[in-house]
Every structure is written in C-alpha cells, then in structure tokens.
Amino acid sequence: MENSDNKSSLDALVSLCKRRGFIFQSSEIYGGFAGFWDYGPLGCELKKNIKDSWWKETVRLREDVEGLDASIIMHPSIWKASGHLDTFADPMSMCKACKKLVRADQIWDIFGESDIFAALEPLLGDAGKTANWCKGRGRALAPNLLAVAQAETRLPEIFEKLAACADARTLYTLLSGVELPCPHCGGEMTEPRPFNLMFRTVVGPIDDPANAAYLRPETAQAIFAQFLNVVSTSRQAAPFGIAQVGKSFRNEVTPRNYIFRSREFEQMELEFFIKPDEAVEILCGNVEKLTPETDLSEPGANWGWECWHAYWVDQRKKWLVKNGLPETSFVEYWQTADELAHYARACVDIQYRFPFGVQELEGIAARSDFDLTQHCKHSGKAMDLFDEPLKLAVKAMTEEDRAARRAKIAADWAARGKTAEAANAFIDKLFEGKYIPHVIEPSAGVDRMALAMLCNAYAEETVTDDKGNSETRTVLRFSPLIAPIKVAVFPLVKNKPELYAKAREIFKGLRRHWNVFWDESGAIGRRYRRQDEAGTPFCVTVDFQTLDDGTVTLRDRDTMAQERISVEALRAKLLDLLD
RNA sequence: GCGGGUGUAGCUCAAUGGCAGAGCUCCAGCCUUCCAAGCUGGCUACGAGGGUUCGAUUCCCUUCACCCGCUCCA
C-alpha cells in the first residue's frame with residue numbers, strides 16, 4: 001500500500017517534470033539513452049540555484065574556502081594514485097542457476113572471515129597473522145595477502161597467483177582449489193568479470209591503449225591534484241578548504257530511479273584540510289573531545305578531526321534545511337566501523353526519504369591524510385603544509401617535553417597498527433612544523449539534491465472554491481532560494497493598455513534582479529495555477545487599483561493569500577525573502 | 001549484464017489486420033476587475049528497425065527506453 005502510493009507519487013512527479021520542462025530524457029527523439037538526463041528551462045534554473053546556494057554558503061561567505069574548476073579529463077596517473085583504476089572495478093559473478101549477480105568481493109561478507117581463513121591457513125601458515133593483516137575487507141584482501149606471502153612464506157607459485165588476483169572470489173578459488181557456490185542457491189557461478197565504472201576515452205588522434213584517459217568519476221581528486229597550486233596562490237593555512245562543483249561520470253551497471261543514479265552527474269564537493277590532531281595538541285595543549293554538548297556553531301582552535309567532522313555534518317544539515325528540506329525529511333546515518341572504506345575514519349551519510357526508499361543524498365567523510373599521501377607517493381611531490389606557529393611551539397618545548405611527546409605519538413600510532421618507522425618519520429616532520437593535512441570531505445550530488453527537493457516540494461491538495469466545487473491543486477513548494485522562477489507578473493486583464501503598460505514596467509524592473517516570469521494569457525486563476533506547478537513562490541498582479549495608488553497584489557504560493565503592497569515595498573520584501 | 005512487466009498526442013487513457021479517438025494541457029482570437037470560467041479555431045501520437053501480409057499501431061523477430069527485482073551509494 002505504502003509502496004504503491006510512493007510509486008504513484010514519483011510517477012506524478014516525473015510526469016510534472018516533463019510537462020513543465022524540468023527534466024527530459026536524454027536523446028529522446030532517438031528513443032532515449034539510459035543513464036543520461038537533460039534539464040529543461042525550469043530544471044536548469046533549479047539546478048543552477050542549488051549550485052549557487054551551495055557555492056555562496058560554502059565558498060563566498062567563508063574566508064577559509066577557495067574555489068576550483070578543474071578539467072574533467074586529467075592525467076591517468078591521478079586515477080592510479082587515487083585507487084580508482086585498480087579498485088573502482090567491481091568484479092562480478094553470476095549464478096548460472098538462479099541468475100543472481102554477486103559481487104566477487106562480497107564473498108567476504110557472505111561466507112565470513114573464518115571460512116576464508118580456514119581455506120588460507122594450510123597455504124599461508126599462521127592464520128592468526130593472516131587475520132590481523134586482513135582486517136580490511138574485500139578489496140584490501142589481495143594486496144594484504146600479497147604482503148603476507150612476501151613476508152611469511154617462500155611459495156613462489158602462490159606469490160604469482162596472488163599478484164594476478166583481482167578479487168576475493170578468484171583468490172579463494174586459486175588458493176583452495178574450490179569453486180565457491182552461489183551464496184543464494186548453491187548453484188555454479190560464472191567467472192568473475194570486472195565492471196570498471198570509469199568511462200575510458202583516447203586522448204590524441206591515435207586510437208591506442210597507451211593514450212587511454214578517463215572521464216573523472218569524482219571531482220575530489222582534482223582538488224588533491226591542484227592542492228599545492230592553490231596553497232601557494234591563496235595565502236591560506238590549515239584549516240582551510242577547496243571547493244568544486246562539476247560533472248562526474250560513472251559507467252553504472254544499472255542506472256535507476258529517475259535521475260537518482262545516472263551515468264553523468266554533477267557533484268558539489270569540498271575538501272576541507274585540517275591540522276593533524278598531533279599538531280593541534282602541540283599548539284593548544286589539548287584536542288577538544290567531541291560530546292553531544294560540543295558547540296559546533298563556531299570552529300575552535302583546539303578542534304581535532306572529530307569536531308571538524310561533526311561541524312561539517314552540522315553545517316550541511318543547516319544548508320539542507322535552509323534550502324527547503326525539513327529535518328524530518330532526511331536521516332543522518334553514521335557508518336559503522338565495518339562499513340567504512342579502509343582509509344576513512346568516519347563517514348556520515350545524509351539520506352533522504354525518497355519515494356523509492358531511504359537513499360544517500362550526500363556523504364561527509366573524514367578521510368585522514370590518505371589522498372594527499374597517495375598523490376605524494378605517486379607524484380613524488382611533497383604535499384606538506386608548513387606551519388610556522390607549530391615549529392615555534394616545538395622549539396619552545398623542553399627536551400624532556402619533546403621526548404614525552406614523541407613517545408606518546410609513537411604509542412598512539414602503534415595502537416593504530418602503524419609501523420615505528422612511519423611514526424618517527426611523521427614526528428620528525430611534525431617537529432619541523434610540517435605535516436600532510438587531514439581532510440574532511442562533504443560531498444553532495446546536485447542531481448540527487450534536485451530530485452530530493454522536487455520530491456519534497458511536490459504536493460497535491462484539494463481546494464474548494466466559493467461555490468463549493470473542489471478540485472486538485474498541484475503545487476511545488478520549493479524554498480524561495482531554489483525556486484526556478486522567483487516572481488511572476490500578471491496584468492489582471494490584457495485589453496486595457498494603461499494597466500498592461502504598468503505591468504510591463506514592473507516586470508522589467510524586477511527582472512533586473514531575479515528570474516521573473518511574464519504571463520498575460522488566460523484567466524488570472526489559471527495563471528496562478530501554472531505558477532503553482534512551476535513552484536514560483538510569488539505572483540504579482542497589476543490591477544485597476546495599481547493605476548490609482550501604485551499598489552499591486554502579492555500572492556503567496558503556499559497560502560494563496562494576497563496582500564496589497566507598493567512596488568517599492570515589494571522589491572525590499574522580495575530581497576529579504578529571496579536572498 | 002540476468003529475470004519479469006510496459007511503450008498510442010505535452011499529460012492521462014481509448015479503439016482497431018483496412019481513414020487512430022477523447023479529456024486535460026498548449027497555441028491563436030473574442031471575452032474577462034483575482035484562483036484551472038465561457039465561446040470559436042488550431043497544432044500534436046502508434047519508441048526504432050526488420051519480417052509476415054494486398055495492407056501492420058495491431059501478429060512475429062530484433063533493438064532502444066522506462067518500471068520492478070539482483071547489483072549500486074554522489
């Protein structure tokens with residue numbers, strides 16, 4: 001029951017979006033093209049408003065965030081360093097009997113660690129050590145086992161197999177000699193085939209694999225790749241951020257749910273670089289503990305990654321509410337330690353209650369120094385920030401203090417499974433005032449945001465007129481901030497020249513500031529309803545009284561109430577409501 | 001990619017192996033002093049390709065797209 005209601009509400013929305021010019025199927029005259037969508041006159045205004053609102057709030061109104069607009073096709077090494085080239089491929093197996101598709105990596109989840117280890121134990125020896133190294137799941141398995149094989153065994157043939165192995169299922173089969181059955185029905189599975197989600201293209205006139213390049217699958221990596229240039233030209237120091245809005249491309253296996261998962265989509269991403277907690281502790285003497293009482297309204301000097309992460313979750317929620325998604329419409333989901341990517345320390349998904357289910361709208365991840373460290377390794381360029389106050393603070397410490405600090409950091413690192421060499425290298429640099437900053441990444445999908453805002457705004461309500469006739473009014477209750485059309489201006493009638501001219505004059509005046517719509521056709525009620533479907537928050541009607549006293553009527557979309565207001569007051573009021 | 005379902009006008013739906021229809025929308029005109037009014041006129045469709053047939057929107061095949069599941073997380 002609930003499902004069919006939900007489905008019909010999405011269908012009604014899809015229909016409205018097409019009818020009113022929000023969203024069209026890509027290449028529709030040729031039958032459409034799966035996974036691609038076009039935004040029509042109202043849709044592109046909506047999207048632009050969402051992006052502008054994000055940009056204004058995230059970049060313009062902050063002194064600690066800079067913008068970037070990087071190219072979509074970048075040096076392929078970037079995707080090598082980020083890991084997308086190796087692991088953005090999902091190897092899949094299909095069951096020959098029940099035809100279900102299983103991600104080869106997920107074998108790990110389905111069969112559990114103990115089964116896998118049982119198979120590996122006779123081949124690799126110490127199962128306890130294996131388990132320790134293989135804390136990561138799925139994708140991390142093969143490289144980790146490679147390390148096990150190198151360090152703990154002298155079996156060259158296994159070493160070779162491991163090196164060639166891309167997924168857990170194949171690995172299991174190679175090591176144990178057992179074909180894993182379908183986890184659903186026990187049937188025989190096909191060979192795993194890689195599904196690389198990156199779009200490949202060729203740069204230059206020669207169609208040669210050596211010239212392969214990729215359309216970016218996320219905007220984030222460009223920010224890391226241009227990190228040094230932004231740092232050296234913007235006079236920013238940690239904590240500070242770099243923001244980017246732009247298209248990304250993923251060759252999804254199954255694009256679904258209208259514009260929710262498409263192959264070409266737009267992202268709004270911020271990489272916010274913060275000092276490592278170790279640096280904060282030296283500078284401030286302590287790192288603030290995150291508690292439910294922590295005041296997140298203004299950043300604190302002694303914030304570590306946990307407070308910064310919570311701060312950005314809070315900031316993003318406030319933005320969503322301000323732009324029309326009430327707090328009750330979304331869910332804040334903290335990923336469990338199990339679900340986190342191996343480099344992530346924490347990740348919050350903000351999920352929206354879409355008609356087709358609760359689905360992710362945006363993610364706010366604490367990614368540690370993983371990305372910059374990767375680019376440092378692959379490019380050979382130091383990604384360190386120099387922090388003079390930190391250097392001075394270290395200099396001011398006594399020899400004993402420094403030794404105690406070194407011991408404490410080394411102990412922390414050891415507890416996190418890091419080697420002593422890595423810890424010492426980090427501390428040496430830290431004491432010189434240098435570190436690779438850690439990053440908090442709020443990453444939102446523009447198209448998903450637009451869909452959520454459309455779903456949230458859509459309403460059908462029954463209105464009853466003076467004569468007692470009731471009918472359905474369809475209305476999009478967008479926040480005025482993102483509404484495609486801000487104001488519509490109507491002459492009450494069009495066959496009275498003075499009234500018409502006055503309305504044109506007001507229209508032209510308002511148009512200088514906002515996207516304003518002119519409509520003179522049909523009865524006034526019909527024109528109001530057209531604007532209701534477009535989500536226009538305000539309608540201004542010029543009537544005979546306007547000619548006498550200069551006032552117009554301002555009609556509110558949601559209440560349908562009207563007030564008389566002078567043209568000057570109207571401008572001030574709109575400025576207040578729309579900015 | 002696999003299984004199931006669906007494709008007729010901008011939208012919602014009819015009918016039919018032999019001229020494809022309606023309501024709403026949209027456009028033009030008349031009229032109109034505030035919530036889809038009225039009158040007149042108008043535009044617009046069988047997803048694409050192939051086959052069977054004298055003739056296919058209808059039957060068959062292929063393909064494309066959408067919806068539901070497997071899968072996916074911006």
Side-chain angles (χ1 to χ4, degrees), chain A residues 3 7 10-12 14-21 24-36 90 92-96 98-103 106 182 184 190 193 195 197 217-220 247-250 252-262 265-269 333 335 339 341 347 349-351 356-363 365 441-449 451 463-467 469 471-474 490-496 499 521-533 539 541-546 553 555 557 560-562:
Chain A
N3 271 341
K7 172 147 170 23
L10 184 63
D11 285 348
V14 170
S15 167
L16 171 69
C17 284
K18 176 156 194 206
R19 177 156 37 92
R20 287 295 172 190
F24 308 127
Q25 221 182 4
S26 167
S27 319
E28 197 189 270
I29 60 168
Y30 291 101
F33 202 43
F36 299 93
D90 292 330
M92 307 258 201
S93 286
M94 192 184 299
C95 174
K96 289 175 183 170
C98 70
K99 303 290 183 195
K100 284 197 175 168
L101 199 64
V102 177
R103 255 180 60 177
Q106 286 185 342
C182 171
H184 302 284
T190 60
R193 276 183 298 169
F195 287 62
L197 296 186
E218 61 172 41
T219 52
K247 290 274 178 106
S248 292
F249 304 81
R250 293 184 193 178
E252 294 288 346
V253 179
T254 310
R256 261 318 146 74
N257 289 329
Y258 200 32
I259 57 171
F260 180 77
R261 174 171 292 110
S262 49
F265 59 100
E266 206 157 6
Q267 293 181 301
M268 307 184 285
E269 291 195 305
Y333 177 78
Q335 287 190 8
E339 292 167 317
C347 187
D349 291 342
I350 294 180
Q351 304 174 325
F356 44 82
V358 179
Q359 297 276 341
E360 188 186 348
L361 197 56
E362 71 173 278
E441 178 193 82
S443 168
V446 181
D447 310 80
R448 288 178 176 191
M449 202 66 78
L451 182 56
V463 292
T464 308
D465 66 17
D466 300 341
K467 297 166 199 101
N469 303 316
E471 61 188 6
T472 303
R473 181 173 85 116
T474 303
F490 313 142
L492 183 59
V493 294
K494 69 174 168 183
N495 58 358
K496 296 288 182 291
L499 196 154
S521 122
I524 193 74
R526 178 193 298 264
R527 284 180 262 166
Y528 285 142
R529 295 301 169 82
R530 278 185 198 133
Q531 294 310 309
D532 289 342
E533 278 200 343
C539 293
T541 300
V542 174
D543 60 12
F544 289 88
Q545 193 179 330
T546 311
T553 64
R555 183 259 196 186
R557 175 195 63 203
M560 295 167 66
Q562 287 176 289

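In what follows, chains carry the letters A, B, and so on, assigned in the order in which the sequence lines appear, proteins first and then strands, with residues in each chain numbered from 1. Any value given below was found using the heavy atoms of this structure, including those in side chains, with hydrogens, waters and symmetry copies removed. Just so it is clear, the model here is predicted, and its values are computed rather than measured.
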Checklist outcome for this item: Per atom distances to the A:Lys18 side chain, the nearest of B:A74, B:A36, B:C11 is B:C11
Item to check | Base paired to B:C43 (Watson-Crick or G-U; both N/O distances under 3.5 angstrom) | outcome: none
Next on the checklist: Please check: side-chain N/O of A:Arg448 versus main-chain N/O of A:Leu361, any donor-acceptor pairing under 3.5 Å?
Outcome noted: no
Checklist outcome for this item: Scanning all shown strands, the Watson-Crick or wobble mate of B:A48 with both distances under 3.5 Å is B:U62
Item to check | A:Phe544 side-chain proximity, nearest of B:U33, B:U12, B:U32 | outcome: B:U33
Checklist entry - So what does A:Thr546 hit on the nucleic acid, given a heavy-atom distance under 4.0 Å: a base, only sugar-phosphate, or nothing? => result nothing
Checklist outcome for this item: Per the glycosidic torsion and the 90° limit around 0, nucleotide B:C70 is anti
Item to check | Interatomic distance where CD belongs to A:Glu441 and P belongs to B:C73 [whole Å] | outcome: 14 Å
Checklist entry - So which nucleotide from B:C35, B:U25, B:A65 ends up closest to the side chain of A:Arg526? => result B:U25
Item to check | Touch class at under 4.0 angstrom, heavy-atom based, for A:Gly363 against every strand present | outcome: sugar-phosphate
Checklist entry - Among B:C34, B:A36, B:A74, which nucleotide sits nearest the side chain of A:Ser443? => result B:A74
Checklist outcome for this item: Against the side chain of A:Ser15, the closest entry in B:A65, B:C26, B:C11 is B:C11
Checklist entry - A:Leu361 near the nucleic acid: base, sugar-phosphate alone, or nothing, with a heavy-atom cut-off under 4.0 Å? => result sugar-phosphate
Checklist entry - Say you pick atom C1' in B:U52 and the same atom in B:U62; how far apart are they, in whole Å? => result 15 Å
Item to check | P gap between B:A37 and B:G23, integer Å | outcome: 16 Å
Next on the checklist: At 4.0 Å (heavy atoms only), tell me whether A:Phe490 reaches a base, stays on the sugar-phosphate, or touches nothing.
Outcome noted: nothing
Checklist entry - Want to settle it: does A:Ala523 or A:Thr541 sit nearer the 5' end of RNA chain B, counting the closest nucleotide to each? => result A:Thr541
Checklist outcome for this item: By nearest-nucleotide position on RNA chain B, the 5'-leaning member of A:Gln545 and A:Gly35 is A:Gln545
Item to check | Inter-nucleotide C1' distance (B:U8, B:A20), Å rounded | outcome: 8 Å
Checklist entry - Given atom CD of A:Glu28 and atom C1' of B:G10, what is their separation to the nearest angstrom? => result 10 Å
Checklist entry - Which nucleotide, B:G29, B:C68, B:C26, lies nearest any side-chain atom of A:Lys494? => result B:G29
Checklist outcome for this item: Of the listed B:G10, B:U32, B:A74, the closest approach to the A:Asn495 side chain comes from B:U32
Next on the checklist: So, does A:Arg473 get its side chain near the phosphate of B:A36, meaning an N or O under 4.0 Å from OP1 or OP2?
Outcome noted: no
Item to check | Spacing of the P atoms in B:A45 and B:C61 (rounded, Å) | outcome: 28 Å
Checklist entry - For A:Tyr528 and B:C34, are the ring centres under 5.5 Å apart with planes inclined under 30°? => result no
Item to check | Euclidean distance, atom CG of residue A:Leu492 to atom P of B:U32 [Å, nearest integer] | outcome: 12 Å
Checklist entry - From the list B:A36, B:A74, B:C27, which nucleotide is the closest neighbour of the side chain of A:Ser521? => result B:C27
Checklist outcome for this item: Per atom distances to the A:Thr553 side chain, the nearest of B:C35, B:C34, B:A74 is B:C34
Next on the checklist: Donor-acceptor pair, distance only, cut-off 3.5 Å: does the side chain of A:Gln267 make one with the backbone of A:Thr219?
Outcome noted: yes
Item to check | Donor-acceptor under 3.5 Å (A:Arg250 side chain, A:Glu218 main chain) | outcome: no
Next on the checklist: Distance check needed: B:G5 P versus A:Asp11 CG, whole Å only.
Outcome noted: 19 Å
Item to check | Same-atom distance (C1') from B:G69 to B:A28, integer angstrom | outcome: 49 Å
Checklist entry - Contact class for A:Glu533 vs. all strands (heavy atom < 4.0 Å): base, sugar-phosphate, or nothing? => result base
Next on the checklist: Taking 4.0 Å as the cut-off, does a side-chain nitrogen or oxygen of A:Arg527 come that near to OP1 or OP2 on B:C35?
Outcome noted: no
Checklist entry - Is there a donor-acceptor pair closer than 3.5 Å between any side-chain N or O of A:Arg473 and the backbone N or O of A:Arg529? => result no
Item to check | Exam field: side chain A:Asp543 to backbone A:Gln545, donor-acceptor pair closer than 3.5 Å | outcome: yes
Checklist entry - Is any side-chain N or O of A:Arg20 closer than 4.0 Å to OP1 or OP2 of B:C11? => result no
Checklist entry - Separation of A:Ile29 atom CD1 from B:G49 atom P, in whole Å? => result 13 Å
Checklist entry - B:U25 and B:G10: how far apart are their C1' atoms, nearest whole angstrom? => result 7 Å
Checklist entry - Has the side chain of A:Glu269 got a donor or acceptor atom that lies under 3.5 Å from a matching backbone atom of A:Ala220? => result yes
Next on the checklist: Treating A:Arg526 as the side-chain partner and A:Ser521 as the backbone partner, does any N or O pair qualify as donor plus acceptor under 3.5 Å?
Outcome noted: no
Checklist entry - Mind checking who B:G21 pairs with, Watson-Crick or G-U wobble, both distances under 3.5 Å? => result B:C13
Checklist entry - Between B:C35, B:U33, B:C73, which nucleotide has the shortest distance from any of its atoms to the side chain of A:Arg555? => result B:C35
Item to check | Pairing nucleotide - B:A56, Watson-Crick or G-U, each distance under 3.5 Å | outcome: none
Checklist entry - Does B:G38 pair with anything, Watson-Crick or G-U wobble, both distances under 3.5 Å, and if so, with which nucleotide? => result B:C30
Item to check | A:Gln359 (side chain) and B:C73 (base): donor-acceptor pair under 3.5 Å | outcome: no
Checklist outcome for this item: Using Watson-Crick geometry (N1-N3 plus N6-O4 or O6-N4) or G-U wobble (N1-O2, O6-N3), each under 3.5 Å, B:G69 is paired with B:C2
Next on the checklist: side chain to side chain contact (heavy atoms under 4.5 Å, CB included), that's the test. Do A:Thr541 and A:Arg555 meet it? Break it down for me.
Outcome noted: CA-CA 8 Å; A:Thr541 300; A:Arg555 183 259 196 186; 5.9 Å; no
Item to check | Between B:G55 and B:G17 - C1' atom distance, rounded Å | outcome: 8 Å
Item to check | A:Tyr30 OH to B:C66 C1', straight-line distance once rounded to whole Å | outcome: 20 Å
Next on the checklist: Please tell me if A:Asn257 has a side-chain N or O lying less than 4.0 Å from either OP1 or OP2 of B:C68.
Outcome noted: yes
Checklist entry - When the distance from CG of A:Leu16 to P of B:C24 is rounded to whole Å, what number comes out? => result 19 Å
Item to check | B:G51 and B:C43, which share atom name C1', separated by this distance in whole Å | outcome: 34 Å
Item to check | Interatomic distance, A:Arg530 CZ vs B:C34 C1' [rounded to whole Å] | outcome: 15 Å
